[in-house]
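Inspection log for the structure reproduced underneath, given as C-alpha cells.
We name chains A, B, ... by the order of the sequence lines, and we start the count at 1 in each one.
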Protein chains: 2
Amino acid sequence: MPSDQTRSAILAAAERLYADRGFGDVTLRDIVAEANVNLAAVNYHFGSKDELIAELFVTRSIQTNRERLNELKVAEERGGGRASIEDIMRALVGPTLRGCLGPDREGSTAARFMIRASIESVPPIRRIKNREVDHLRKFAAAMRRAMPASNDTELYWGLHFALSMAHHTIREKERLLKLSEGKCDLDDVAGIIDRVVTVSVMALTIGEVASKPPVRPAVMHGRLTRQDL
Amino acid sequence: MPSDQTRSAILAAAERLYADRGFGDVTLRDIVAEANVNLAAVNYHFGSKDELIAELFVTRSIQTNRERLNELKVAEERGGGRASIEDIMRALVGPTLRGCLGPDREGSTAARFMIRASIESVPPIRRIKNREVDHLRKFAAAMRRAMPASNDTELYWGLHFALSMAHHTIREKERLLKLSEGKCDLDDVAGIIDRVVTVSVMALTIGEVASKPPVRPAVMHGRLTRQDL
DNA sequence: TTGCTTTTCAAACATTTGTATGAAACTATC
DNA sequence: GATAGTTTCATACAAATGTTTGAAAAGCAA
C-alpha cells in the first residue's frame, strides 16, 4: 500500500470521528480502528496526535480562507476594484455559514468537524487560531476602502461583531432552535447570511454618525454590582 | 476541621486553578495540593471530578442569572412595569460583560473561571448549558412586552445576536485586541455594553420594517461553492 | 468514657492514553 | 534478484489520572 493511502485514511477517519464524537471522546486507537491501519501509523505519518489534529484544522481553515478571499475578489471585480461593504461582509461570513449550516450539511464531515473545532477548542487548534489574525487584515483593508469615512475602531468592532454572530450561530444553533421552538429556521442559510450581513453593516454605520454609540441610558445604579444577589 | 471547610477550600482552589490554567491542564492532584487537602476528599465531598466542575459552574451561572433578572426588574419598575427594549438588552448582556471584562476584573477569579468555561466547554459544563434555555425565556417575554409589534422570530434572532456579540467579545478579546492593534478598548466596559445594546436593538428593528431583512444583493454565483478553491 | 457517625489520610487500583521499539513486510532501484 | 529505503505491525512502555479502599482520626451524643 502506498504511504499516502494510509495517511489519508487516517485523516479521513480522524475527521469523521472527531466530527461525530468530539475531540474529548476519540482516542488514537479509535481512529486507527476506523481507518483499518496500525496504531503506530499515526505517529509515523504525523509525528503526534496533536500534529494530526493541527493538520486537519489547518487544511479546513485554508479552505475557508480561500473561499472568503475568492468571494471578496469576485465582489471587487464586479464593482470595478471596489466592493460594497455588504458584499465584503457577505464574503466574510458567507463561506463559514454556508459550510456549517443548512439541511444537507448534516452529512458534511468537514463542516461538522469545524463546528466541533469551534466548540471544543483543543490546544493544537487554539494555537493555530491565535495566529489566524493576519488573514482578517485583508478584510479590514477592504472595508477601509469601502467606507473611508469610518474610523478603524468602528471598523474592527463591526468585523468582530460579524464574526461573533456567524460563529455563535454555528456554535449554538441547537440552543437557538430549542429556545425559539423551531421558529428560527436554521436551514435557511441564505436568510441567515442576509441577517448577519445586514446587522453587521448597521453596526458599522454607528461609527459614521458619531464616534461614540448614541444610546446610553442611565442604568448603572450604584447598588447593582456583582455582589448583591 | 468542620466538613464545610475542606469543601469550600476545594471549591476555591479548583476555581482558581481552572481560571488560571484551564480545565485541560488541571488535575485533581493539582487541586488538592493547592487546597491543602487529601486527594480522596474531592470524591468524598463531590462524588466525582465532573460534579465538582458542575457545582462551580452552576454556582456562577445562578449568580449571573440573578444579576440579569435583578437588573431587568429594576428597569421594569423604573418604567412602571414595562422596561424599554434598550434596558432589557442591557440587563441581558450587562452582567456578563461587566463580570468578564474590564481592567480590574483581571483579578476576579470567578470572572476568569467563567471565561474559561465559555472557551473550553468541557462535558459537565456543556450538559448544564443545554438546560439553560428557560431562563432566557423570561427575557424573551420581556422583549415581547416591550415591542408587541415585532414577531417572535425576529425577537429570538435579536436575543441570539445580543448574546453572540457579548459572549464572543469575551471569548475572543485577546484576538480583537491583537487584530485592532489596541484600537478597540476592551477595558471600556460601559462603552462595549452600549455598543452591543445598540446593535442588538438595531437588529431587532429589522423585523419591524419587514419580516425579511432588506439587503440581499445577488452574490451567490453558481461557481462559488465549497469545492472550487 | 463509650459508641456511633463523619471526615481525613496514605496507599493502591485500574484504566486509559500517547508514544516508542524493533522486527517483519513491502517497494523500488540498480 | 540483491540491496536500500520505506512502511507496517504487534507489542511494550511509561506516565498520568480519576477513583476506591480500609484504616486512622476527629467530632459528638449519651
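- Listed nucleotides D:dT11, D:dT19, C:dT8 differ in distance to B:T6; the shortest reach to its side chain belongs to C:dT8.
- Under the rule for a side chain to side chain contact (heavy atoms under 4.5 Å, CB included), the partners of A:V26 that lie at least two apart in sequence or sit in another chain are A:L17, A:Y18, A:R21, A:D30, A:I31.
- Taking a cutoff of 4.0 Å between a charged side-chain nitrogen and a carboxylate oxygen, A:R116 and A:E15 do not qualify as a salt bridge.
- Among the protein residues, B:A41 comes within range of no part of the nucleic acid, since none of its heavy atoms lies under 4.0 Å from any strand.
- Closest to the side chain of A:L39, from the set D:dA10, C:dA10, C:dT19, is C:dT19.
- Atom CZ in A:F46 sits about 16 Å away from atom C1' in C:dT19, given to the nearest Å.
- Salt bridge B:K178/A:E132: absent, no basic N to carboxylate O contact under 4.0 Å.
- Taking atom CG of B:D50 as the reference point, atom C1' of D:dG18 lies 10 Å away to the nearest angstrom.
- Counting only distance, with no hydrogens or angles, the side chain of B:R68 and the backbone of B:L92 share a donor-acceptor pair below 3.5 Å.
- Between A:W157 and A:H160, the angle of the ring planes goes over 60°, which puts this pair in the perpendicular group of the 30/60° scheme.
- Among the nucleotides C:dT19, D:dT19, C:dT7, the one closest to any side-chain atom of B:K49 is D:dT19.
- Comment: B:D194 engages B:R90 in a salt bridge, judged by a side-chain N to carboxylate O separation of less than 4.0 angstrom.
- Put simply, CG on B:N38 is 6 Å from P on C:dC9, counting in whole angstrom units.
- Side-chain atoms of A:N43 lie closest to C:dT19 of the nucleotides C:dT19, D:dT19, D:dT8.
- Both A:A40 and B:A40 sit near DNA chain C, but only B:A40 has its closest nucleotide nearer the 5' end.
- Nucleotide C:dT6 holds its P atom 12 Å from the NE2 atom of B:H45, rounded to whole Å.
- One interatomic measurement links the two molecules: CG of A:D4 to P of C:dC26, which rounds to 20 Å at whole-angstrom precision.
- Listed by residue number, the members of residues 23-34 of chain B with any heavy atom below 4.0 angstrom from DNA chain C are B:R29.
- Relative orientation of the B:H168 and A:H167 rings is tilted, given thresholds of 30° and 60° on the angle between their planes.
- Following rounding to the nearest Å, B:Y44 (OH) and D:dT19 (P) show an atom-to-atom distance of 17 Å.
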